Amino acid sequence: MQSESETSVRLRFAPSPTGYPHLGNIRTALFNWLFARHHGGKFILRIEDTDVARKVEGAGEIILDSLQWLGLNWDEGPYFQSQRLPIYHEIAHRLIEEGHAYLCYCSPERLKTMRQEQAKRKQPPKYDRHCRDLTQHERTRLEATGITPVIRFKTPLEGETIFYDLIHGPVTFKHDTLDDFILLKSDGYPTYHLANVVDDHLMAISHVLRADEWLSSTPRHVLLYQALNWQAPQFAHLPMILGPDRAKLSKRHGATTITEYREQGYLPDAMVNFLVLLGWSLDDRTELLSQEELIKHFSLERVGKTAAIFNKDKLEWMNGVYLRKLSLEEFIQQAMPFLDRDLPKSVERPLNNSYVSQVLSLIQERAKTLAEVPQLASFFFLDELQYDTNLLLRGKPDAKSAAKAIAIASQKSEKVMTWDATTLEGILRPLAAELNLGTGELFGLLRVAVTGRTAAPPLFQTMAVLGKEKCLKRFDTALQSLSTYFN
RNA sequence: GCCCCCAUCGUCUAGAGGCCUAGGACAUCAGCCUUUCAAGCUGAAGAUCAGGGGUUCGAAUCCCCUUGGGGGCACCA
């Protein structure tokens with residue numbers, strides 16, 4: 001399986017800390033990681049922090065944190081481009097010496113008005129190469145003004161660049177649609193194009209898997225590799241992930257950062273499984289795959305070309321599947337922090353472990369996310385239930401007979417020696433017939449009295465977990481609120 | 001405006017010329033199970049494969065055009 005050439009498979013995830021990672025970013029990381037692991041190669045992490053102005057404090061940490069949470073472990077790095085500035089300078093100047101780049105003194109203002117003119121004439125915005133062929137005399141004069149120049153790449157004026165994309169096949173760009181892009185900014189930092197190419201080469205990256213939005217800058221990169229006389233890596237441009245409105249993922253789409261999904265109670269394995277199916281598939285039926293299976297089967301041949309719209313319903317479903325697959329112990333371990341975080345303050349902490357365990361065994365199969373757990377389970381922990389008394393009267397019985405039913409149920413329950421679900425059912429089920437009520441009606445009534453809601457885990461199991469004392473007390477409370485209806 | 005990419009149920013997708021009267025999953029609806037909810041099971045509905053031309057005995061699959069969508073065109077990545 002692992003050939004000699006595959007030992008040099010080296011992938012990287014190279015995010016910029018200009019924002020928190022969203023699903024698209026993470027999906028890119030995931031595909032890189034899967035490809036590396038599948039081929040027994042290396043997965044490298046590199047932080048492309050070359051935009052000083054847009055840098056978001058803490059974003060780097062969140063990126064690392066997100067990858068770790070998902071289990072996307074890396075073998076090298078993180079490398080920081082901001083710490084490698086001398087390397088980019090050296091390469092940029094080498095490019096100048098070899099005639100592949102030049103100093104440009106144009107001011108941002110000049111560039112701006114130039115672009116406005118071009119827009120007015122409905123022409124594509126392109127640098128007009130004003131400084132491309134400056135004479136030594138002109139250069140000296142501009143140098144004297146104290147302007148800090150940028151370094152631009154001398155894009156060939158004619159011809160075309162063709163590269164083979166592992167997903168899209170051959171892609172062609174004519175050089176006259178490209179312009180002389182900047183390599184080194186006047187603040188001394190490299191642009192993405194330079195830093196990315198230099199680092200991919202220096203870090204011996206074999207395959208570049210990145211989002212489709214990079215496809216149109218790939219010819220620039222290929223040109224750079226050629227100018228530097230370096231071998232370019234293989235490129236594979238991944239389909240994008242769009243929001244429900246078909247637009248690029250952004251803040252408007254709700255929880256866009258991966259850490260928010262963690263806070264909302266999604267499991268990392270479910271996230272990975274869901275994300276991988278956005279653009280990749282194993283066959284025509286397999287939906288649920290473990291990380292081992294993904295590593296085993298992942299391949300670029302099965303990556304699609306079409307952008308995917310992120311569908312939260314399916315994520316929720318899948319998370320529910322993963323939640324139910326957990327052992328009770330694992331589920332408790334995962335849910336406990338959410339209970340701690342979201343249960344009302346009035347509930348005494350720390351929570352009782354064995355009680356929580358009993359409660360969660362009833363909740364596990366009903367939760368789609370861990371964040372739902374406290375809400376689903378709250379009535380188990382509350383001292384007093386808040387609910388609309390009308391809920392007690394949803395069924396056939398009027399207030400008087402409802403009260404009677406609860407009162408008798410309460411009396412019978414009180415006499416129960418072994419407080420468990422079977423015993424409770426044994427005495428309460430016959431009660432329905434005695435009272436001439438359907439089981440559904442009686443149980444529904446008792447359910448509201450005991451839980452304060454119409455949808456809850458099975459009544460007798462719920463009562464068993466709640467305990468005798470609480471149940472009787474809640475029956476009492478229900479009777480009191482009912483009494484206001486006929487007093 | 002120019003360049004590039006893409007196009008199968010609402011959504012994620014299978015499909016690499018005949019296996020397709022287009023398969024699976026989520027969501028939806030109905031039924032079963034059932035003390036409610038959830039889960040589970042069964043079934044239904046849902047795509048004239050964006051449209052139009054070709055090529056071929058035969059096209060969702062190959063080619064061209066149109067349309068639509070997305071992306072790029074910064075001293076941002």
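For clarity, every value in this text was computed on a predicted model and none was experimentally measured. In what follows, chains are A, B, ... by sequence order, proteins preceding strands, each numbered from 1.
Contact annotation for A:R366: base contact, defined as any heavy-atom pair under 4.0 Å involving a base atom. Contact annotation for A:E48: backbone-only contact, meaning every heavy-atom pair under 4.0 Å involves sugar-phosphate atoms and none involves a base. At the heavy-atom level, A:I309 lies under 4.0 Å from the strands shown only through sugar-phosphate atoms. A:T50 comes within contact range of the sugar-phosphate backbone alone, with a heavy-atom separation under 4.0 Å but no base atom that close. The residue A:R210 sits apart from the nucleic acid: no heavy atom pair falls under 4.0 Å. Backbone-only engagement by A:K248 is indicated by non-hydrogen atom pairs under 4.0 Å involving sugar-phosphate atoms exclusively. A:C106 comes within contact range of at least one nucleobase, with a heavy-atom separation under 4.0 Å. The residue A:G279 sits close only to the backbone: its heavy atoms come under 4.0 Å of sugar-phosphate atoms, none of a base. Contact annotation for A:K368: backbone-only contact, meaning every heavy-atom pair under 4.0 Å involves sugar-phosphate atoms and none involves a base. Using a 4.0 Å heavy-atom cutoff across all strands shown, A:R246 reaches sugar-phosphate atoms only and no base atom. Within 4.0 Å (heavy atoms only), A:F274 reaches no atom of the nucleic acid at all. Using a 4.0 Å heavy-atom distance criterion, A:R453 is classed as making no nucleic acid contact. A:S281 comes within contact range of the sugar-phosphate backbone alone, with a heavy-atom separation under 4.0 Å but no base atom that close. At the heavy-atom level, A:K122 lies under 4.0 Å from the strands shown only through sugar-phosphate atoms.
Side-chain proximity of A:K314 to the nucleotides B:C6, B:A77, B:C12 is greatest for B:C12. Residue A:L277 has its side chain nearest to B:C12 when only B:U35, B:C12, B:G15 are considered. In this structure, the nucleotide among B:A77, B:U35, B:G23 sitting nearest to the side chain of A:F443 is B:U35. Nearest to the side chain of A:V171, among B:C12, B:C4, B:A27, sits B:C4.
Phosphate contact (OP1/OP2 of B:C75, side-chain N/O of A:R152, threshold under 4.0 Å): present. Distances shown here put every side-chain N or O of A:T286 at or beyond 4.0 Å from the OP1 or OP2 atom of B:A25. Between A:H168 and B:C4 there is no side-chain N or O to OP1 or OP2 distance below 4.0 Å. In this structure, A:R115 reaches the B:C75 phosphate: one of its side-chain N or O atoms is under 4.0 Å from OP1 or OP2. At the phosphate of B:G71, neither OP1 nor OP2 sits under 4.0 Å from any side-chain N or O atom of A:K305. Look at A:K185 and you won't find any side-chain N or O under 4.0 angstrom from OP1 or OP2 of B:A74.
Applying the Watson-Crick and G-U wobble criteria (two distances, each under 3.5 Å), B:C73 pairs with B:G1. Applying the Watson-Crick and G-U wobble criteria (two distances, each under 3.5 Å), B:A7 pairs with B:U67. For B:G40, the paired base is B:C32 (Watson-Crick or G-U wobble, both distances below 3.5 Å).
Ring planes of A:F274 and A:F310: perpendicular class, angle over 60° (limits at 30 and 60°). By the 30° and 60° cut-offs, the orientation of the rings of A:H221 relative to A:H193 is tilted. Ring planes of A:H100 and A:F153: parallel class, angle under 30° (limits at 30 and 60°). A parallel orientation is assigned to the rings of A:Y127 and A:Y102, their planes being inclined by less than 30° (bins at 30° and 60°).
Regarding A:R285, its CZ atom lies at a distance of 13 Å from the P atom of B:C26, rounded to whole Å. Atom-to-atom, CG of A:L223 to C1' of B:C73 comes out at 16 Å; the value is rounded to the nearest Å. Between A:M240 atom CE and B:G69 atom P there is a gap of 16 Å when expressed in whole angstrom units. Between the P atom of B:C73 and the CG atom of A:D180 lies a distance of 16 Å, rounded to the nearest Å. Rounded to an integer number of Å, the gap from CG of A:L278 to P of B:G70 is 17 Å. For A:N311 and B:C9, the CG to C1' distance is 13 Å, given to the nearest whole Å. Distance CD1 (A:I167) to P (B:C5): 14 Å, rounded to an integer number of Å. Whole-Å rounding puts the A:I241 CD1 to B:C6 P distance at 18 Å.
Without hydrogens or angle criteria, A:Q364 side chain to A:L326 main chain gives a donor-acceptor distance under 3.5 Å.
Between A:P15 and the choices A:I63, A:I26, A:T28, the side chain to side chain contact (heavy atoms under 4.5 Å, CB included) rule is met once, by A:I63. Of the candidates A:Q118, A:Q123, A:E117, A:Q123 is the only one forming a side-chain hydrogen bond (donor to acceptor under 3.5 Å, both in side chains) with A:R121.
A:F379 and A:Y387 have their aromatic ring centers separated by at least 6.0 angstrom.
In the interface, the side chain of A:Q118 is not paired with the base of B:G1 through any donor and acceptor atom under 3.5 Å apart. For a distance-only test at 3.5 Å, the side chain of A:S186 qualifies as a donor-acceptor partner of the base of B:C75.
Toward the 5′ end of RNA chain B lies the nearest nucleotide of A:A307, the other residue of the pair A:A307 and A:R54 mapping further downstream. Toward the 5' end of RNA chain B, the nearer of the two residues A:P457 and A:T172, judged by each one's closest nucleotide, is A:T172.
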